[in-house]
Amino acid sequence: MDKVAIVTGGAQGIGEAAARRLHADGFKVAILDFNETLAQQVASSIEGFAAKVDVSDRDSMFAAVKTVVEHYGRLDVMVNNAGIAPSGSLMDMRQNDFDKSYAVNAGGTLWGIQAATEQFIAQGEGGKIINAASQAGIVGNPGLGLYGSTKFAVRGLTQTAAQELAEYKITVNAYAPGSAVTPMLKAAAHEMAVAAEKSDEWALEQFATGITLGRLAQPEDVANVIAFLAGADSNYITGQTIVVDGGTIFH
Ligand code: NAD
């Protein structure tokens with residue numbers, strides 16, 4: 001029996017790489033994303049399924065997960081990957097930045113946990129939930145304070161869900177990328193480049209400073225860890241956040 005994985009935000013970046021890797025590992029993959037067109041393109045290239053979702057909306061999340069279960073008949077892995085990254089100092093943040101980033105990053109994770117858990121409990125065989133945290137959710141980063149705080153929240157949800165859901169044989173873990181070259185990071189680099197009147201390449205190099213392994217992450221570097229958390233080799237791990245930052249922070 002093929003296992004079924006959902007990847008939210010799988011239309012591009014880390015989510016796309018995770019969808020491709022999970023497909024290569026033998027999963028049937030469903031991509032749930034705000035961007036229906038791109039999601040559909042990625043899904044068709046991996047014989048997958050795509051549906052539109054707004055992860056910040058609980059009803060939308062439950063409806064989208066239901067369409068996946070109707071399509072594939074089951075669910076085994078839920079990757080709550082979709083996220084947004086407001087940047088700027090804390091003093092620059094406004095009501096809309098706060099409401100939106102918490103609704104998508106923390107809300108999207110919570111609703112994803114709930115919708116997947118409902119299905120896992122109905123199946124009675126457990127399941128794996130994998131959430132997108134961030135290096136910025138492990139230590140505070142100037143200029144990423146609001147974003148980072150939503151990712152601290154993701155780690156909090158991950159720890160509590162692991163404890164509340166263990167009785168259903170559900171594990172809940174998270175991955176914390178440093179800087180991975182995706183549309184999200186390229187957009188942040190572009191903003192930085194414009195402000196400094198330098199090139200986008202210069203800005204990307206700034207993100208790479210302080211990385212022990214001397215390079216930015218590719219989305220596949222992060223997808224490798226997602227694949228580990230989705231597979232049997234991580235069965236005895238729950239409530240943890242795995243840092244994937246090429247050696248930037250140490251603990
Ligand atoms: P990205 O912006 O390149 O892709 C995110 C995807 O999520 C897009 O396809 C977008 O359409 C989708 N999405 C956004 N809001 C949504 C919503 N409300 N409902 C449904 N889909 C939505 O991002 P990425 O760089 O691939 O990041 C993926 C995850 O990893 C995010 O949670 C991000 O915060 C986290 N992360 C990324 C980095 C990095 O360096 N790229 C670092 C740390 C953490």
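Computed over heavy atoms, backbone and side chain alike; hydrogens, waters and symmetry mates excluded. In each ligand, atom 1 is the first atom listed, and ligand 1 is the first ligand listed. For clarity, every value in this text was computed on a predicted model and none was experimentally measured.
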Residue and atom name of the nearest protein heavy atom (relative to atom 19 (N) of ligand 1), distance in Å to one decimal: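 Among all protein heavy atoms, the one nearest atom 19 (N) of ligand 1 is V55 N, 3.0 Å.
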Atom 42 (C) of ligand 1: the protein heavy-atom neighbour that sits closest, reported with distance to 0.1 Å: G178 O, 3.0 Å
Parallel, tilted or perpendicular: rings of F49 and Y72 (30°, 60°):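 Correct class here is perpendicular.
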Lys NZ or Arg CZ of R94 over F98 ring: under 6.0 Å, within 45°: no
Where ligand 1 meets V53 - atom numbers and elements under 4.0 angstrom, heavy-atom basis: 19 (N), 20 (C)
Should [X] be listed as contacting ligand 1, given a heavy-atom distance under 4.0 Å as the test?
X: F207; result: no
X: A133; result: yes
X: K151; result: yes
X: A103; result: no
X: A85; result: no

Identity of the nearest option to atom 27 (O) of ligand 1, non-hydrogen atoms only, from Q12, K186, M184: M184
Check: E36 main-chain N/O paired with D33 side-chain donor or acceptor under 3.5 Å: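 Checking the backbone N and O of E36 against the side chain of D33, no donor-acceptor pair under 3.5 Å is found.
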H190, NE2: over 12 other non-hydrogen atoms inside 6.0 angstrom: no
